[in-house]
Every structure is written in C-alpha cells, then in structure tokens.
Amino acid sequence: MGASAAWFLSDDKDFDGTVLVVDRDLSYENTSTMHTNSCMRQQFSGELNVRISQFAADFVKNLPRYMGNDDRVPNLSIRSFGYMYLADNDAFADVLRESQQVQLAAGAATQLMTPEQIKGAYPFYNVDDIVLGSINLVDEGLWDATAVFDWWRKSARERGVEYIENEVVAITKNAAGTRVESVTLKSGEVIACGQVLNASGPRAARTADMAGIQVPVKVHC
C-alpha cells in the first residue's frame with residue numbers, strides 16, 4: 001500500500017510535494033507484502049469494489065504502459081483460476097445471486113454453477129451439501145505482485161521518492177489536535193510533515209492510535 005501510494009503520488013502531475021516512505025524492513029523478508037498469495041478477485045457485493053479490482057487487473061496486464069512505456073518493465077499476466085464461492089444454504093445462495101447481478105452490471109464475468117456443474121468441472125469437490133456456486137474466470141486469480149511492487153519502488157525512487165528503513169513510534173498533532181505536524185522515528189529523528197498516510201497493514205490500528213484515531217483493523221494469529 002505504501003509503495004502504491006508513493007508511486008501514484010509521483011505519477012500525479014498536480015502533486016508538487018515530496019514523499020518519504022518509512023519502512024521497518026527494506027529487505028521485506030518478513031513483511032505482509034512478501035507473505036501474500038497475490039490474488040485478485042471481482043466477486044464483490046458492491047460496484048465500487050468490482051471496478052477497483054478491474055482497474056487493478058488492467059494495471060497489471062498493462063504495466064509497461066502505466067510505467068510510461070519503459071522498455072525495462074516486464075509484461076505481466078493474470079492466471080485466472082478464479083475464486084469459487086460455495087453456498088450450503090438457500091439464504092447464502094440468494095446472496096451469491098444478488099452479488100452476481102452487481103458484478104455483471106459492472107462488466108465482470110461471474111457465473112453461477114449448480115452442484116452438478118461444479119462436480120463436472122471440478123470433480124475433486126464434495127458438493128453433497130452445496131446449493132450453489134459462484135466463480136469468475138476472467139481477471140480473477142494469481143499475479144506477480146512482487147514485480148509490480150519492485151517497479152513501483154524503482155520508478156518512484158527515480159522520480160524523487162525517498163525510502164528509509166526506520167519505524168514511526170510517535171505522531172505529534174498541532175495544538176488544536178486537528179492535524180498531524182510531525183512523526184518521531186525509532187532512531188530519534190523528528191520529521192515534520194504536511195500529511196501522513198497510514199499504510200502499515202496489520203499494524204494500522206497501532207499506527208492510528210498514535211494519532212488518537214481508532215480504526216477497525218485486527219490481526220488474529
């Protein structure tokens with residue numbers, strides 16, 4: 001999220017500020033980014049979510065174009081195995097039907113499958129208690145997130161975005177408490193800033209708490 005936000009800011013012709021990315025581990029060995037299975041889907045119940053995912057699919061498949069036709073940037077694809085959502089009761093089957101209508105209206109290729117159709121296409125499934133299935137085999141599946149991540153960082157750095165290995169341990173607001181004025185790093189430096197973007201993933205609630213803000217992010221191990 002941090003690399004994405006930094007790159008998109010650097011790509012915005014109306015943005016005239018500077019961007020500093022503070023990361024706890026620039027090797028990324030133990031980060032959530034490196035531990036993800038890197039899948040995308042379009043089977044959402046809200047149109048906005050569907051269209052965000054469609055933009056993500058277009059971005060991945062046309063990465064060189066988004067990167068200014070840089071011939072160093074690789075061509076990527078999406079391995080569209082799709083997500084199979086299974087309903088074991090009529091109520092959830094209705095949810096799948098309603099969601100499909102939202103997805104189809106947004107241009108997704110979601111298809112509903114009866115238990116017999118699921119068994120025919122995927123014989124390894126046990127469908128004895130299944131009422132309905134939902135799957136989309138277009139732009140829904142695995143993609144090379146590491147390649148996109150690498151190029152976001154490389155391109156952003158070439159545009160002046162700075163990355164440092166450190167950790168934000170405190171956030172200071174103005175006297176009125178209406179905006180953030182600075183962050184304090186674990187190394188002791190205090191950095192003045194006009195805006196702070198919380199892109200700390202599973203640590204987002206802890207980061208937000210430094211500014212007195214509660215966000216509904218919980219991590220269960």
Side-chain angles (χ1 to χ4, degrees), residues 1-41 44 48-49 52-53 55-57 59-60 63 66-68 70 72-74 76 142-221:
M1 291 298 294
S4 171
W7 183 84
F8 275 98
L9 281 172
S10 74
D11 196 54
D12 187 345
K13 294 179 175 57
D14 294 325
F15 178 73
D16 60 359
T18 58
V19 179
L20 173 68
V21 180
V22 181
D23 206 305
R24 298 170 67 214
D25 177 17
L26 288 181
S27 75
Y28 303 103
E29 181 179 359
N30 295 306
T31 61
S32 299
T33 298
M34 292 298 103
H35 291 172
T36 179
N37 60 3
S38 302
C39 292
M40 66 171 68
R41 62 187 174 96
F44 295 97
L48 178 60
N49 292 71
I52 289 172
S53 189
F55 170 76
F59 190 92
V60 169
L63 186 62
Y66 280 100
M67 292 285 169
D70 188 332
R72 299 172 298 170
V73 179
L76 303 178
L142 301 171
W143 55 288
D144 191 347
T146 302
V148 175
F149 179 50
D150 284 344
W151 275 100
W152 270 335
R153 289 180 296 150
K154 182 178 181 62
S155 176
R157 280 175 166 143
E158 291 176 352
R159 295 171 173 180
V161 172
E162 183 180 359
Y163 277 74
I164 62 171
E165 185 169 287
N166 217 308
E167 182 179 350
V168 174
V169 295
I171 295 176
T172 302
K173 296 194 288 188
N174 61 6
T178 56
R179 63 174 300 148
V180 171
E181 288 189 330
S182 67
V183 296
T184 302
L185 304 182
K186 189 174 184 178
S187 56
E189 293 105 317
V190 177
I191 300 176
C193 51
Q195 300 280 346
V196 172
L197 173 65
N198 182 356
S200 47
R203 295 170 57 87
R206 187 183 307 178
T207 303
D209 189 57
M210 298 176 192
I213 299 171
Q214 302 298 311
V215 296
V217 176
K218 295 182 180 180
V219 180
H220 299 281
C221 299

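Note that this is a predicted model, so its numbers are computed, not measured. Note that these values count all heavy atoms, side chains included, but never hydrogens, waters or copies made by symmetry.
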Trainee: So does Thr31 get a backbone contact from the side chain of Arg24, meaning a donor-acceptor N/O pair under 3.5 Å?
Mentor: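 Judged by distance alone, no pair lies under 3.5 Å.
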Trainee: Using 0.5 Å steps for rounding, measure from the CE atom of Met210 to the OG1 atom of Thr172.
Mentor: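 If I round to the nearest 0.5 Å, the distance is 11.0 Å.
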Trainee: I need the minimum non-hydrogen distance between Pro74 and Trp151, along with the two atoms involved.
Mentor: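 Reported closest heavy-atom pair: CD-NE1, 3.4 Å.
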Trainee: Drop me the distance from Asn30's CG to Asp25's CG, to the nearest 0.5 angstrom.
Mentor: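 One gets 6.5 Å once the value is rounded to the nearest 0.5 Å.
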Trainee: Please report the closest heavy-atom contact between Cys193 and Ser182, naming both atoms and the distance.
Mentor: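 Here Cys193 and Ser182 meet closest at SG-CA, 3.8 Å.
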Trainee: Check each of Ile213, Val168, Thr207, Ile171 against Asn198 using the side chain to side chain contact (heavy atoms under 4.5 Å, CB included) test, and report the only one that passes.
Mentor: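 Checked Ile213, Val168, Thr207, Ile171 against Asn198; only one passes side chain to side chain contact (heavy atoms under 4.5 Å, CB included): Thr207.
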Trainee: Return the orientation label for the Phe59 and Trp152 ring planes: parallel under 30°, perpendicular over 60°, tilted otherwise.
Mentor: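 Because their plane-to-plane angle lies in the 30° to 60° range, the rings of Phe59 and Trp152 count as tilted.
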Trainee: Using a cut-off of 6.0 Å, state whether more than 12 heavy atoms not belonging to Arg159 lie near its atom CZ.
Mentor: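 Count over threshold, so yes.
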Trainee: Is there a side-chain contact (heavy atoms from CB on, under 4.5 Å) between Leu185 and Glu167 once you walk through the steps?
Mentor: CA-CA 5 Å; Leu185 304 182; Glu167 182 179 350; over 6 Å; no
Trainee: Which heavy atom of Lys186 sits nearest a heavy atom of Asn166, and at what distance?
Mentor: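 Nearest heavy atoms, Lys186 then Asn166: N-OD1, 3.3 Å.
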Trainee: Tell me, do Val148 and Leu76 make a side-chain contact under 4.5 Å, heavy atoms counted?
Mentor: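 Answer yes - side chains close enough.
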Trainee: What distance do Asp150 atom CG and Ser155 atom OG have between them, rounded to the nearest 0.5 Å?
Mentor: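 The distance works out to 12.0 Å.
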Trainee: Check the pair Tyr28, Thr33 against side-chain contact (heavy atoms from CB on, under 4.5 Å), reporting the backbone distance first and the verdict last.
Mentor: CA-CA 8 Å; Tyr28 303 103; Thr33 298; 5.7 Å; no
Trainee: Inspect the surroundings of CD in Glu29 and state if more than 12 heavy atoms from other residues, nucleotides or ligands are less than 6.0 Å away.
Mentor: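 Counting neighbours around CD of Glu29, 12 or fewer heavy atoms of other residues, nucleotides or ligands fall under 6.0 Å, so no.
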Trainee: Parallel, tilted or perpendicular: which fits the ring planes of Tyr66 and Phe55, with parallel below 30° and perpendicular above 60°?
Mentor: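 Plane angle over 60°, so perpendicular.
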Trainee: What is the distance from atom CG of Asp70 to atom CD of Glu158, rounded to the nearest 0.5 Å?
Mentor: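 Asp70 CG to Glu158 CD: 7.0 Å, rounded to 0.5 Å.
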Trainee: Please find the pair of heavy atoms, one from Trp7 and one from Ala156, that lie closest to each other, and give the distance.
Mentor: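 So the two residues come closest at CD1-N, 3.9 Å.
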Trainee: Are side-chain heavy atoms of Leu197 and Leu9 found at a separation under 4.5 Å?
Mentor: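 When only atoms from C-beta onward are counted, Leu9 and Leu197 do not touch, as no gap falls below 4.5 Å.
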Trainee: I'd like to check Glu165 versus Asp23 (side-chain heavy atoms, cut-off strictly below 4.5 Å). Are they in contact?
Mentor: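 Not touching, per the 4.5 Å side-chain cut-off.
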Trainee: With a 4.5 Å cut-off on side-chain heavy atoms, are Ser10 and Val19 touching?
Mentor: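 Not in contact.
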Trainee: Between Asn174 and Gly177 (side chain of the first, backbone of the second, donor and acceptor by atom type, cut-off under 3.5 Å), is there such a pair?
Mentor: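 At least one qualifying donor-acceptor pair exists.
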Trainee: Report the C-alpha separation of Met40 and Val60 in whole Å, then their side-chain angles, then the decisive distance to 0.1 Å, and conclude whether the side-chain contact (heavy atoms from CB on, under 4.5 Å) test is met.
Mentor: CA-CA 11 Å; Met40 66 171 68; Val60 169; 3.9 Å; yes
